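Keep in mind the model is a prediction, meaning the values are calculated, not measured. Naming convention: chains lettered A, B, ... in sequence-line order (proteins, then strands); numbering from 1 in each chain.
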2 protein chains.
Amino acid sequence: MEPTDENALKPIASVDLVVLALSEHGLQVLLIRRQADPFRGAWALPGGWIHTDEDPDLDAAAARVSREKTGVETPYLEQLATFGSAGRDPRGWSVSVGYVALLPADEVAGRAAESTDTAWHAVTGDGVAVPLAFDHASILRAGLIRLRAKVEYTSLPVHLLPAGFTLGELQAVYERILGRRLDKSAFRKRIAEVDFVEPVPSAMRRGSNRPAQIYRVKPGLGTAFFDRTI
Amino acid sequence: MEPTDENALKPIASVDLVVLALSEHGLQVLLIRRQADPFRGAWALPGGWIHTDEDPDLDAAAARVSREKTGVETPYLEQLATFGSAGRDPRGWSVSVGYVALLPADEVAGRAAESTDTAWHAVTGDGVAVPLAFDHASILRAGLIRLRAKVEYTSLPVHLLPAGFTLGELQAVYERILGRRLDKSAFRKRIAEVDFVEPVPSAMRRGSNRPAQIYRVKPGLGTAFFDRTI
DNA sequence: CTAAGTTAGTTGATACTTCACACTAAGCCT
DNA sequence: AGGCTTAGTGTGAAGTATCAACTAACTTAG
């Protein structure tokens, strides 16, 4: 347990983010083209070293990386898992703490065209079409598994919607991520049970049909858990 | 993302284990009394530095620590979460990857009296009666939450039993961890549904009553998930 | 040798939940 | 006015949980 040899044994420590958003074309993940070796020119998850001099803790490091790399203070950030091995980074034994970040749909367009080296990529199955640097394909896969698992029994998908949304839109998000249709009345019953949204008074989504009540998440509540599955 | 300054920014990286077992008196966690500063003399979770020269990856580091500190190759080892901050270790910014290990009940007695500096402590609520070094109380709490959550919907508690067990014993493990009684017929139905155990031919637990069929986990299967909850 | 005690393992009756689908409501468009 | 679309609700059949009783197979006491 004792440090026989100081820095020699310290692994490289970084934070990598799986930033996800939902567009009309499905789940999108934010990738950055690497400017430097190793894997120069390859797409990678946004990530960065832990700055021991400025990051108070891991969550803060992840939030800082999110801000720096994506220009966005992601409203939802959750630790995923930690990936560490001798071979995942050619520069040496490295540890990467993976995080999942969810972004509302209305943030996606703005962030997309900002730079040619930052782009949203469509998620197909458990990955993306392009090869990823390091073991980022594994981290992405783990992030998708986590998201899909939690969608089954939590209110997590609200973070993929803007602050105001209709129940129909919320149900559509669940259906898109799960890849299956949900029964409308059962869905609404679940949402009512866990009681994490409230109608915004007299706010209605209008269209060429019956207007829909707009809801927002009740302030001060964390992620809600359903009794069973959605 | 690039390493401006080599080792100066590397945090200290270690692995800490929440080793749990179930005795007649309830859940027990394996603790080690620290021999060195910081927190000399305090109880701590078994843990150790990542050895970048001998550990191929994090899971291997956890397995090695388990072997070295507890003398046991824990059959079940699962990554829990990673704890990292400037203040959790007085020696500097440190990252600890937490693992949960489950030990069969029949291993507990052997490991207990091995050394005065290694002891099983009863889990009460979400912790132990003694104060723990570093942020180990938080890691332990997270481990217990993880265990209790997974017991609701997975076959994980089999790892707290020896290789052969009766369905009554398995149900008792679930009941002890969950702290509530389960219905016998519903329990057996669940177990049959997920189909992760098989009867050991003509192996019976005998006592002063009707003998019970002994089961074992089907070889080659990972943790099984129930459709609903147990 | 029999009856009582104990735990194993199964069965069934009732209450509740889920599921699929149909229905009504309220707007726009032609 | 009538048709189209999406919002939101209701309803009956099917499935599931819950509780409790039942039979089975052993040991032990007498």
[N] [atom2] sits how many Å from [X] [atom1], rounded?
{"X": "A:Asp227", "N": "C:dT18", "atom1": "CG", "atom2": "P", "answer": "8 Å"}
{"X": "A:Asp183", "N": "C:dA22", "atom1": "CG", "atom2": "P", "answer": "12 Å"}
{"X": "A:Arg181", "N": "D:dT6", "atom1": "CZ", "atom2": "C1'", "answer": "12 Å"}
{"X": "A:Phe187", "N": "D:dT9", "atom1": "CZ", "atom2": "P", "answer": "14 Å"}
{"X": "A:Ile214", "N": "D:dT6", "atom1": "CD1", "atom2": "C1'", "answer": "14 Å"}
{"X": "A:Glu169", "N": "D:dG8", "atom1": "CD", "atom2": "P", "answer": "11 Å"}
{"X": "B:Arg180", "N": "D:dT18", "atom1": "CZ", "atom2": "P", "answer": "9 Å"}
{"X": "A:Gln213", "N": "D:dT9", "atom1": "CD", "atom2": "C1'", "answer": "16 Å"}

Distance in Å, A:Leu167 CG paired with A:Gln213 CD, rounded so as to fall on 0.5 Å steps:
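Nearest 0.5 Å value for the CG-CD distance: 8.5 Å.
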For B:Lys218, is there any backbone N or O sitting under 3.5 Å from a side-chain donor or acceptor partner on B:Glu198?
no
Contact between B:Leu20 and B:Leu144 at the side-chain level, heavy atoms closer than 4.5 Å - yes or no?
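They are in contact (side-chain heavy atoms under 4.5 Å apart), so the answer is yes.
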Does any N or O donor sit under 3.5 Å from an N or O acceptor when you compare the side chain of A:Arg210 with the base of C:dA26?
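For A:Arg210, whose side chain was compared with the base of C:dA26, there is no donor-acceptor pair (under 3.5 Å).
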Per the atom types in the model, does the base of D:dG10 pair as donor or acceptor with the side chain of A:Ser185 at under 3.5 Å?
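Pair found.
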Mind listing the closest non-hydrogen atom pair of A:Arg216 and A:Phe165 along with its distance?
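Closest pair (atom of A:Arg216, atom of A:Phe165, distance): CA-CE2, 4.2 Å.
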On DNA chain D, compare the nucleotides closest to B:Lys189 and A:Met204; which residue's is nearer the 5' end?
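Looking at DNA chain D, the more 5' nearest nucleotide goes with A:Met204.
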Identify whether any heavy atom of B:Ala212 sits under 4.0 Å from a base atom; if not, whether one sits that close to sugar-phosphate; answer base, sugar-phosphate or nothing.
sugar-phosphate
Counting the atoms with a prime plus P, OP1 and OP2 as sugar-phosphate, which does A:Arg190 contact under 4.0 Å by heavy atoms, base, sugar-phosphate, or nothing?
sugar-phosphate
Answer yes or no: is there an ion pair linking B:Glu152 with B:Arg180, defined by an N-O contact shorter than 4.0 Å?
yes
side-chain N/O B:Arg188 vs C:dG9 OP1/OP2, d < 4.0 Å
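Yes, such a contact exists.
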